[in-house]
Amino acid sequence: MATLAALCTALECTPNDLIEVDTTPVERPVVPPRPVADLPKAASGRGRSMPPL
């Protein structure tokens with residue numbers, strides 16, 4: 001803020017004269033969805049990875 005105040009004093013202007021706000025919407029690039037990671041495969045042929053309780 002001190003630098004902005006010094007610039008405005010030196011240039012005899014206001015902060016509005018130095019800063020411009022652009023409110024034009026910017027399109028975001030379309031990002032393809034990430035591939036779903038493969039689920040870990042079961043350790044046994046019956047589909048269980050742990051012994052029954």
Side-chain angles (χ1 to χ4, degrees):
M1 292 304 287
T3 303
L4 182 59
L7 284 169
C8 290
T9 300
L11 298 173
E12 298 178 352
C13 65
T14 66
N16 289 337
D17 297 328
L18 299 176
I19 299 172
E20 182 179 322
V21 178
D22 182 8
T23 58
T24 305
V26 177
E27 287 188 37
R28 293 183 178 218
V30 177
V31 178
R34 292 189 203 174
V36 177
D38 292 331
L39 295 175
K41 295 185 178 164
S44 70
R46 298 187 311 189
R48 294 184 187 159
S49 61
M50 295 179 61
L53 299 175

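The structure displayed is predicted, hence computed values, not measured ones. These values consider heavy atoms only, across backbone and side chains, with no hydrogens, waters or symmetry-generated copies. Along the sequence shown, residues are numbered consecutively beginning with 1.
Applying the side chain to side chain donor-acceptor pair (under 3.5 Å) rule to T14 yields the partners D17; only residues at least two apart in sequence or on another chain are considered.
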For residues 18-28, dump all side-chain donor-acceptor pairs below 3.5 Å to protein atoms at least two apart in sequence or in another chain.
unit_1, atom_1, unit_2, atom_2, d
D22, OD1, T24, N, 3.1
D22, OD1, T24, OG1, 2.7

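With side-chain heavy atoms closer than 4.5 Å counting as contact, directly or through intermediates, M1 stands alone and belongs to no larger hydrophobic cluster.
Residues P15 and C8 come closest through the heavy atom pair N-SG, 3.5 Å.
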